[in-house]
Amino acid sequence: MKKFHILTIFPEFFEGFANTGIVSKAVKKGLVYLNTVNLRDYTTDKHRTVDDVVYGGGPGMLLKPEPIFRAYEEISKEKKPYVLITEPWGRRFDQKFAQELSEKDEIMIICGRYEGVDERVKAIVDQEVSIGDFVLSGGEPAALVIMDAVIRLIPGVVGDEDSLRVDSFSDGLVGYPNYTRPPVFNGMEVPQILRSGNHKLIELWRRWKQIENTYKKRPDLLKKADLSEKDKKILHYIKKGKKFEDFISDNKV
Ligand code: SAH
């Protein structure tokens, strides 16, 4: 079972998340344990203070270090977790990072608020993590994004594991387009190949679309993608502006 310990001043933020869809199922199956830790429970003063003013002046408040250390120490008594802190300048979260995290048994995520967190907290942090170059009002939405991406990689969580294999980014490319019924909607038709029942051809078409979409929408990904000789040939055709049909007839598929 994978455990997440989320240190936050807003534990209620995670209620909808824990009770919805795949995550809720994973929790019920005992594959995931979400431990939302209210930092106020680790304060010692009567006002349960979690924040304080910034040394040296400047606007806003900071999360105090003591409640965070106390919560960490209690969690670590059982097992030392891998510790993340949400920071706008942290390591950019992506599918590779999610895969790495899916291999850790226990992950603790410290959610910053206000102007952030007292720097001394970094003494217990293994990795700072960011979900993008923008500023959120707190680390909670980032923690939620991270947990969602990691949880669906845990074996047994997503019903059909093939769907993980074909996900975007799993092989460095974006996904291929999908259609469901009806076959014609508002004059727009589902591509004939997908209704042909020719599985080899469908597989080739999907690969073509993945490479085409990556080339058109995320060319930056192509540099690092794991392309076979056949993929490279497809890319060559796409770059020359040729059609899937040309590829098929030229290569006698
Ligand atoms: N003063 C900070 C911004 C604080 S925002 C600065 O100069 O950058 C408050 C908290 O929200 C942060 O401590 C962090 O925990 C979280 N946060 C904001 N943007 C984030 C992002 N892009 N990714 C992850 N966490 C973020």
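Values below: every heavy atom of this structure, side chains too, minus hydrogens, waters and symmetry copies. Computed from a prediction, not measured in an experiment: that's the story for all the values here. Remember, it's 1-based here, ligands and their atoms both numbered in the order they're listed.
When hydrogens are left out, the protein atom nearest atom 25 (N) of ligand 1 is Thr86 CB, 3.4 Å; that is the closest non-hydrogen contact. Residue, atom and distance of the protein heavy atom nearest to atom 8 (O) of ligand 1 are Pro88 CG, 3.4 Å. The single protein non-hydrogen atom nearest to atom 7 (O) of ligand 1 is Trp89 CZ3, 4.5 Å, given as residue, atom name and distance. Among protein heavy atoms, atom 19 (N) of ligand 1 sits closest to Leu136 N, 3.0 Å.
Residue Arg113 has no nitrogen or oxygen atom sitting less than 3.5 Å from a nitrogen or oxygen atom of ligand 1, judged on distance alone. Residue Val117 has no nitrogen or oxygen atom sitting less than 3.5 Å from a nitrogen or oxygen atom of ligand 1, judged on distance alone. Residue-to-ligand polar distances keep Val135 apart from ligand 1: every N/O pair is separated by 3.5 Å or more. Ligand 1 has an N or O atom lying under 3.5 Å from an N or O atom of Ile131, backbone or side chain.
With rounding to the nearest 0.5 Å, the separation of CZ in Phe14 from CG in Leu34 is 9.0 Å.
With respect to the salt-bridge test (charged N to carboxylate O, under 4.0 angstrom), the residues Glu74 and Lys77 do not qualify.
Arg113 forms no cation-pi arrangement with Phe10, by the criterion of a distance under 6.0 Å to the ring centre and an angle within 45° of the ring axis.
At least one donor-acceptor pair under 3.5 Å links the side chain of Arg40 to the backbone N or O of Arg48. Ser130 places no side-chain N or O within donor-acceptor distance of the main-chain N or O of Gly90, the cut-off being under 3.5 Å. Side chain of Gln210 to backbone of Val174: a donor-acceptor contact under 3.5 angstrom is found. The closest donor-acceptor contact from the side chain of Lys2 to the backbone of Ser102 lies under 3.5 Å.
Remark: ligand 1 atoms within the under-4.0 Å shell around heavy atoms of Tyr114 are 4 (C), 5 (S), 9 (C). The contact set between ligand 1 and Val129, taken as ligand atoms under 4.0 Å from a residue heavy atom, comprises 24 (C). Annotation for ligand 1: atoms under 4.0 Å from non-hydrogen atoms of Gly138 are 10 (C), 11 (O), 16 (C). Each of the atoms 24 (C), 25 (N) of ligand 1 lies under 4.0 Å from some heavy atom of Ala142. Atoms of ligand 1 found under 4.0 Å from any heavy atom of Gly116 (numbered from 1 in listed order, with element): 13 (O). Close approach of ligand 1 to Gly139 (heavy-atom distance below 4.0 Å) involves ligand atoms 11 (O), 15 (O), 16 (C).
Side-chain atoms of Lys230 and Asn251 form no donor-acceptor pair, as typed in the model, at a separation below 3.5 Å.
Heavy atoms from other residues, nucleotides or ligands lying under 6.0 Å from NZ of Lys122 number more than 12. The number of heavy atoms from other shown groups lying within 6.0 Å of CD (Glu78) does not exceed 12.
Looking at Arg92, Glu115, Glu128 and measuring to atom 1 (N) of ligand 1, the nearest heavy atom belongs to Glu115.
Remark: distances from the non-hydrogen atoms of Phe93 to ligand 1 are all 4.0 Å or more.
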